2 protein chains.
Amino acid sequence: MNTELVQAREHFIQGMSRISHFWGFSKAMGAIYGAIYLSPAPISLDELVAQVGVSKGAVSTNVRTLERLGMIHKRIQLGDRKDYYIAETDFWKIVRRVLREREQSEFDQALRTVGESMVLVEELIEGADTEMDVETAVFYSDRMQAMQSFFNSLDNLVAMLIALEDLRSKSVQNLFGR
Amino acid sequence: MNTELVQAREHFIQGMSRISHFWGFSKAMGAIYGAIYLSPAPISLDELVAQVGVSKGAVSTNVRTLERLGMIHKRIQLGDRKDYYIAETDFWKIVRRVLREREQSEFDQALRTVGESMVLVEELIEGADTEMDVETAVFYSDRMQAMQSFFNSLDNLVAMLIALEDLRSKSVQNLFGR
DNA sequence: AACTATGTTTAGTTTATACTAAACGATTGG
DNA sequence: CCAATCGTTTAGTATAAACTAAACATAGTT
């Protein structure tokens with residue numbers, strides 16, 4: 001293939017690598033997605049190894065993660081033992097999926113911790129012994145409440161955005177100037 | 001202070017630590033913010049070292065980052081050489097600030113890389129030699145265009161959210177159920 | 001001016017993460 | 001049934017981030 005075209009691809013892949021890292025994924029994952037995204041035809045694991053320049057094992061695990069996130073899809077061809085991959089090109093779909101994934105895992109868990117702390121403090125307010133403790137406990141309770149409230153709002157906001165995007169993806173209208 | 005109250009605080013701080021890590025900041029940073037957030041009075045660096053359990057140096061650098069992000073504020077008291085810190089409690093304000101910060105730094109840069117790759121490819125389409133190269137180059141160009149378009153939309157969306165939040169913070173109305 | 005209290009910087013260490021190389025397992029073809 | 005071709009798993013390694021300990025800088029106090 002044309003050298004300059006390869007250079008352009010590599011530059012793009014490098015950019016994807018950066019973005020991936022920026023969003024908290026591994027660099028290789030972004031690079032691999034970039035390579036798949038720029039492949040005109042379904043691309044095999046070996047070709048990815050060649051294009052991205054990481055080991056087969058790394059490509060294997062990253063590709064699995066990408067598939068779990070719905071960012072790529074596996075295409076098996078009859079009479080061919082290789083797995084081929086194509087890129088999901090609906091980015092909003094990807095965003096939705098990733099947001100859902102992240103909400104479920106760590107985000108909820110963190111929220112729960114805040115809730116637990118709040119319950120701990122509020123239980124304490126009941127059977128408090130000294131006056132000073134009550135004062136501090138009430139302060140704690142208020143602050144924790146405020147934070148939990150914020151996280152709930154954030155949760156609602158994200159849910160709203162996902163819903164909006166669901167509408168958009170059904171091609172009602174493009175609200176965000178694409 | 002009451003042991004159970006301390007436990008509740010530590011549980012909360014641990015939660016903040018997780019959230020911080022989840023959002024791509026250091027764990028200590030979240031913990032430190034948590035400690036400041038739960039302090040009824042402005043809190044000094046030494047007290048933070050005691051409560052969070054990391055070294056003075058780490059507290060110092062993390063505190064500086066927190067201040068840069070507008071998550072905490074320094075309060076110097078007359079006749080006291082220590083610096084004291086209080087927490088910013090307007091979380092939406094913090095979100096706006098962090099979003100702006102992130103957009104400027106890495107996000108823009110990544111976008112630029114995609115744009116550059118696209119220009120490279122499009123220049124190539126003009127002076128192309130073989131037929132096959134043109135075909136691939138056009139494919140690349142289309143895909144890169146689609147991705148850049150998406151990032152622009154995302155940018156607009158974030159800008160819109162910031163604008164919405166600016167309105168809300170001026171207490172027009174609370175749109176997100178707080 | 002020396003000493004003390006305080007925050008910052010730095011050099012080195014720890015730690016978590018992601019990768020490599022290679023063994024492994026499984027499937028297909030000869 | 002053996003060999004070849006894949007993808008996966010694993011044990012070890014490299015690397016980047018973040019922390020510690022300690023030196024340092026600064027300013028206030030005696």
Side-chain angles (χ1 to χ4, degrees), chain A residues 13-14 16-36 42-69 71-86 102 105-106, chain B residues 13-14 16-36 42-69 71-86 102 105-106:
Chain A
I13 286 177
Q14 192 183 325
M16 290 296 101
S17 176
R18 289 189 66 125
I19 294 175
S20 178
H21 185 237
F22 176 61
W23 291 104
F25 302 103
S26 82
K27 290 177 189 171
M29 200 173 124
I32 290 167
Y33 177 79
I36 299 174
I43 188 172
S44 71
L45 203 141
D46 285 337
E47 290 175 285
L48 287 172
V49 169
Q51 283 195 19
V52 176
V54 297
S55 74
K56 200 170 54 152
V59 172
S60 177
T61 57
N62 276 304
V63 144
R64 203 185 321 150
T65 306
L66 283 169
E67 211 190 358
R68 188 172 51 78
L69 291 175
M71 295 183 65
I72 63 173
H73 305 285
K74 192 182 285 192
R75 283 292 143 86
I76 45 178
Q77 297 184 2
L78 294 173
D80 191 341
R81 266 188 279 174
K82 287 183 185 171
D83 295 346
Y84 291 90
Y85 297 94
I86 62 171
R102 295 214 155 171
S105 62
E106 276 289 329
Chain B
I13 286 176
Q14 191 183 324
M16 291 296 100
S17 176
R18 291 189 65 126
I19 293 174
S20 179
H21 185 237
F22 177 61
W23 291 104
F25 303 102
S26 81
K27 290 179 189 171
M29 201 172 123
I32 290 167
Y33 177 79
I36 299 174
I43 187 171
S44 71
L45 202 142
D46 285 336
E47 290 174 285
L48 286 173
V49 169
Q51 283 194 20
V52 177
V54 296
S55 74
K56 199 169 55 149
V59 172
S60 176
T61 58
N62 277 303
V63 145
R64 202 185 322 148
T65 306
L66 283 168
E67 211 190 358
R68 188 173 49 77
L69 292 176
M71 294 184 65
I72 62 173
H73 305 285
K74 192 183 285 191
R75 283 291 142 88
I76 45 177
Q77 296 185 2
L78 294 172
D80 191 341
R81 267 188 281 174
K82 286 183 184 171
D83 295 345
Y84 292 89
Y85 296 94
I86 63 170
R102 296 213 155 171
S105 61
E106 277 289 327

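Everything numeric in this text was worked out from a predicted model, so none of it was measured.
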Check your understanding: Expressed in angstrom and rounded to an integer, what is the separation of B:Phe25 atom CZ from D:dA18 atom P?
Key -> 11 Å

Check your understanding: So does B:Ser44 get a side-chain nitrogen or oxygen closer than 4.0 Å to the phosphate oxygens (OP1/OP2) of C:dT6?
Key -> no

**Study point:** Interface with DNA chain D, restricted to residues 75-84 of chain A and to heavy atoms under 4.0 Å
**Key:** A:Arg81, A:Lys82, A:Asp83

Point to revise | Distance test, side-chain N/O of A:Ser60 to OP1/OP2 of D:dT8, below 4.0 Å | key: yes

Practice item. Nearest whole angstrom, please: distance from the C1' of D:dC19 to the CD1 of B:Ile32. Key: 11 Å

Review point. Would you say C:dT9 has OP1 or OP2 under 4.0 Å from some side-chain N or O of B:Arg64?
Key: yes

Study note, to complete from the structure: Of the candidates C:dG7, C:dT20, D:dG7, the side chain of A:Val54 sits closest to C:dT20

Practice item. Give a yes or no on whether B:Glu67 atom CD has more than 12 heavy-atom contacts from other residues, nucleotides or ligands under 6.0 Å away. Key: yes

Practice item. In whole angstrom, give the distance that lies between atom CZ of B:Arg18 and atom P of C:dA16. Key: 14 Å

Check your understanding: Think A:Thr61 has a side-chain N or O under 4.0 angstrom from the OP1 or OP2 of D:dT9?
Key -> no

Practice item. Check whether any side-chain N or O of B:Ser26 sits under 4.0 Å from OP1 or OP2 of D:dA18, and answer yes or no. Key: no

Review point. Closest heavy-atom contact between B:Ser60 and B:Leu45?
Key: CA-CD1, 4.3 Å

Check your understanding: Between atom NZ in A:Lys56 and atom C1' in C:dA21, what is the gap in whole Å?
Key -> 11 Å

Exercise for review: Evaluate whether atom CD of A:Glu47 has more than 12 neighbouring non-hydrogen atoms of other residues, nucleotides or ligands under 6.0 angstrom away.
Suggested key: yes

Revision key, fill the gap. Walking DNA chain C from its 5' end, the first of A:Gly57 and B:Val63 to be reached, judged by nearest nucleotide, is B:Val63

Practice item. Round to the nearest Å and state the distance from B:His21 atom NE2 to C:dA16 atom P. Key: 9 Å

Point to revise | Check: A:Ser20 side chain, A:Ser26 main-chain N or O, donor-acceptor pair, under 3.5 Å | key: yes

Exercise for review: Take the protein atom NZ of A:Lys27 and the nucleotide atom P of C:dA18, then report the distance between them rounded to whole Å.
Suggested key: 11 Å

Check your understanding: Quick one: A:Leu66 CG to D:dT8 P, roughly how many Å, whole number?
Key -> 13 Å

Check your understanding: Is there a side-chain contact between B:Leu69 and B:Phe25, using heavy atoms and a 4.5 Å cut-off?
Key -> yes

Practice item. Hey, which sits more toward the 5' end of DNA chain D by its nearest nucleotide, A:Leu45 or B:Asn62? Key: A:Leu45

Check your understanding: Is there a side-chain contact between B:Val63 and B:Leu48, using heavy atoms and a 4.5 Å cut-off?
Key -> yes

Review point. Which pair of heavy atoms, one from B:Met16 and one from B:Gly34, lies closest together, and at what distance?
Key: CG-CA, 3.9 Å

